[in-house]
Chemist: 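Dropping a structure here in structure tokens format, bear with me for questions.
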Amino acid sequence: MSQIVETLINLGLGKPADLKRGDTAFTGKVLLGGGANADCLSTVATHCQSQGLELCRPASASGESAASLATIQAWQNSDEAPGDKLQALIFDGTGITDTRDLTLAYDFFKPALKALSTCGRIIILSRPHQQQSSPQAAACQRALEGLARSLAKESGKRGTTAQVITVEAGAEAALVGPLGFLLSYRSSYVNAQVFRVSAADIGEFDSKAPLAGKTALVTGASRGIGAAIATALARDGAKIIGLDVEPLKADLETLMSKLGGQALIADITADDTPAKVLEQAKAAGGLDIVVHNAGITRDKTLANMPQHWWDLTLDINLGAALRLNSVLLESDALNSGGRIVGVSSMNGIAGQRGQSNYAASKAGVIGYVEQMARSLKERNITINAVAPGFIETQMTAAIPLMTREVGRRLNSLSQGGQPEDVAETIAFFANPQAAGVTGNIIRVCGQSWLGA
Ligand code: NAD
């Protein structure tokens, strides 16, 4: 352990929990509860059972496996047999329309939180508050978001995350996409997020190779987060076209030959790059997934920033991706059922001293995704973005030591994320089960204290 880490622990930041990651089996007990008219309970129960999770309900709820308060209290004290603890708490608040009924959430969580195992999951289901017919109901639904974000802050030291899945009326079946992602260790560094789901046809797919038969373009694929994205999408069965600049040719080719993919050497800002991509896309029978990961930083306060640093950062991180999408969409080179994923940043949400160019470009990604989601729905294409916080890559390795250590600790999980954490969130967006997820900006930041 470095001296800096020890100093931070002594300052009260504590030792971060060891996060379980990847495909470690997510097993154990799930406590499921909800208010009156909780419309999503049966979908959640069916999903949990199909995954082999042991379903329990508080005694106040109907159902065969009701758990009494005494049983839940016994689970609280089962540190010696962690398998006896709860793995997830899922509360369906979709039917709460009277503020007095928010007490049902208190009643559900109060005894259960201490019975939740480390690296546990808290999931709250809600309805979009903007679509409620009464101000009371809107207040209740939005209240659930504040509750989840607070529980994430209270539980993060134990590696537990808390999130909301907001389900439009009629979209109940589509919630299994985000639910499956959250009830896994692929989502370990995603914390305090709101997944918005609308109705969509998920269709049939092979759960072991959900992206079989799909072709994915990943820009900036030779290293860091881009390499992790290409690897995760290839694992899920996609054929990868990895794009990167000439100086990284050797790294890109090595990775693509390992993944059975194709290397495309190009600068995304070059005038002829959209045409080159289009040619490869057509040869592949169209693209199904496009991930705009390539990005740079050129940090200086605005007063000291040379114009070419501003222009280059805006063009690589934002302008080039928009131009490429336009060409692909105008040429019908993005297949129906397609996925576009942008890579934004926490600093695009919060702003950052010395990063006005970078933050503007990354905020631009958010605006673009939110606007495009509406028109792309008609073409059966989803568009989403991740907003990573502090991720351990060459980009963040360049930050001075002390600033870096503070940066990686400023979140509820008290640690930096790994490239795989971002890649898994993107693989989730690409998954057929995420068909109802569009226009979402999901931060992968452990609940960063910046811009939260
Ligand atoms: P990185 O520097 O390790 O990788 C970036 C990749 O993009 C490199 O392979 C690079 O060659 C490629 N690239 C840059 N300019 C290009 C161009 N003109 N044409 C084609 N490829 C180009 O960085 P990373 O940390 O892996 O970041 C990946 C993405 O994640 C970036 O968009 C970055 O802004 C974003 N991000 C990273 C963090 C973090 O903490 N690392 C946080 C938030 C967002």
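Counting begins at 1 with the first residue of the sequence. Whatever order the structure lists them in is the order used to number ligands and atoms, beginning at 1.
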Chemist: Looking at Arg408 and Glu405, does any basic side-chain N land under 4.0 Å from a carboxylate oxygen?
Modeler: yes

Chemist: N/O of Met395 under 3.5 Å from N/O of ligand 1, yes or no?
Modeler: no

Chemist: At a non-hydrogen distance cut-off of under 4.0 Å, which region of Leu243 contacts ligand 1 (side chain, backbone, both, or neither)?
Modeler: side chain

Chemist: Any idea which atoms of ligand 1 are less than 4.0 Å away from a heavy-atom of Ser222?
Modeler: 9 (O)

Chemist: Give me the nearest non-hydrogen protein atom to atom 11 (O) of ligand 1 as residue plus atom name, then the distance to 0.1 Å.
Modeler: Asp244 OD1, 2.6 Å

Chemist: Can you report which non-hydrogen protein atom sits closest to atom 5 (C) of ligand 1, along with the distance?
Modeler: Gly295 O, 3.7 Å

Chemist: So which heavy atom in the protein is nearest atom 42 (C) of ligand 1, and how far is it from that ligand atom?
Modeler: Gly389 O, 3.1 Å

Chemist: Would you mind telling me if ligand 1 is within reach of the side chain of Asn293, the backbone, both or neither, using heavy atoms under 4.0 Å?
Modeler: both

Chemist: Are any of the side-chain nitrogens in Asp315 or Arg323 under 4.0 Å away from the carboxylate oxygens of its partner?
Modeler: yes

Chemist: Do other residues, nucleotides or ligands put more than 12 heavy atoms under 6.0 Å from the NZ atom of Lys276?
Modeler: yes

Chemist: Hey, which atoms in ligand 1 end up nearer than 4.0 Å to a heavy atom of Ile296?
Modeler: 14 (C), 15 (N)

Chemist: Before accepting this row, confirm whether a basic side-chain N of the pair Glu172/Arg127 lies closer than 4.0 Å to the acidic partner's carboxylate O.
Modeler: yes

Chemist: Under a 4.0 Å heavy-atom limit, does Ile391 contact ligand 1 with its side chain, its backbone, both, or neither?
Modeler: both

Chemist: Any idea which part of Leu248 is under 4.0 Å from ligand 1, heavy-atom wise: side chain, backbone, both or neither?
Modeler: side chain

Chemist: Identify, by atom number and element, the atoms of ligand 1 in contact range of Asp267, meaning under 4.0 Å from any of its heavy atoms.
Modeler: 17 (C), 18 (N), 19 (N)

Chemist: For the side chain of Ser448 and the backbone of Cys445, is there at least one donor-acceptor N/O pair under 3.5 Å apart?
Modeler: no

Chemist: Just which atoms of ligand 1 are under 4.0 Å from any heavy atom in Ala294?
Modeler: 7 (O), 13 (N), 21 (N), 22 (C), 32 (O)

Chemist: So is Ala270 in contact with ligand 1, going by heavy-atom distances below 4.0 Å?
Modeler: no

Chemist: To which protein heavy atom is atom 34 (O) of ligand 1 closest, and what is the distance rounded to 0.1 Å?
Modeler: Tyr358 OH, 2.6 Å

Chemist: Are any of the N or O atoms of Thr269 closer than 3.5 Å to those of ligand 1?
Modeler: no

Chemist: For a quick test of reading the model, state the closest non-hydrogen atom pair linking Arg149 to Ala192 and the distance between them.
Modeler: NH1-O, 2.7 Å

Chemist: For Ser345, take its heavy atoms, then give the atoms of ligand 1 lying under 4.0 Å from any of them.
Modeler: 43 (C), 44 (C)

Chemist: Around atom CG of Asp206, are there more than 12 heavy atoms from other residues, nucleotides or ligands closer than 6.0 Å?
Modeler: yes

Chemist: Does either side chain, that of Asp92 or that of Thr94, offer a donor lying less than 3.5 Å from an acceptor on the other one?
Modeler: yes

Chemist: Quick check: Phe428 with Phe195 (ring centres under 6.0 Å apart)?
Modeler: yes

Chemist: One residue to check: Lys362. Relative to ligand 1, which of side chain, backbone, both or neither has a non-hydrogen atom less than 4.0 Å away?
Modeler: side chain

Chemist: Counting from 1, what ligand 1 atoms have a heavy atom of Gly224 closer than 4.0 Å?
Modeler: 26 (O)

Chemist: Is there a polar contact between ligand 1 and Gly226, counting only N or O atoms under 3.5 Å apart?
Modeler: no

Chemist: Pick one of side chain, backbone, both or neither for how Ala266 approaches ligand 1, counting any non-hydrogen atom pair under 4.0 Å.
Modeler: backbone

Chemist: Hey, which atoms in ligand 1 end up nearer than 4.0 Å to a heavy atom of Ile316?
Modeler: 15 (N), 18 (N)

Chemist: Side chain, backbone, both or neither: which part of Thr396 has a heavy atom under 4.0 Å from ligand 1?
Modeler: side chain

Chemist: Do you know the tightest heavy-atom contact between Arg443 and Val190?
Modeler: O-CG1, 4.0 Å

Chemist: From atom 37 (C) of ligand 1, work out which of Ile225, Val218, Thr273 has a heavy atom at the shortest distance.
Modeler: Ile225

Chemist: For ligand 1, which atoms, with element, lie under 4.0 Å from some heavy atom of Ser344?
Modeler: 44 (C)

Chemist: Who's closest to atom 30 (O) of ligand 1 heavy-atom-wise, of Ile399, Asn347, Val343?
Modeler: Val343

Chemist: Ignoring hydrogens and geometry, is there a side-chain-to-backbone donor-acceptor pair from Asn440 to Asn384 under 3.5 Å?
Modeler: no

Chemist: Would you name the heavy atoms of Gly389 and Met346 that are closest together and state the gap between them?
Modeler: CA-CG, 3.4 Å

Chemist: Tell me, yes or no, whether the heavy-atom count around Asp271 atom CG, taken from other residues, nucleotides or ligands under 6.0 Å, exceeds 12.
Modeler: no

Chemist: Give the residue, atom name and distance (to 0.1 Å) of the protein heavy atom nearest atom 3 (O) of ligand 1.
Modeler: Arg223 NE, 2.9 Å

Chemist: Just to confirm my output: which protein heavy-atom neighbour is closest to atom 24 (P) of ligand 1, and how far is it?
Modeler: Thr393 OG1, 3.9 Å

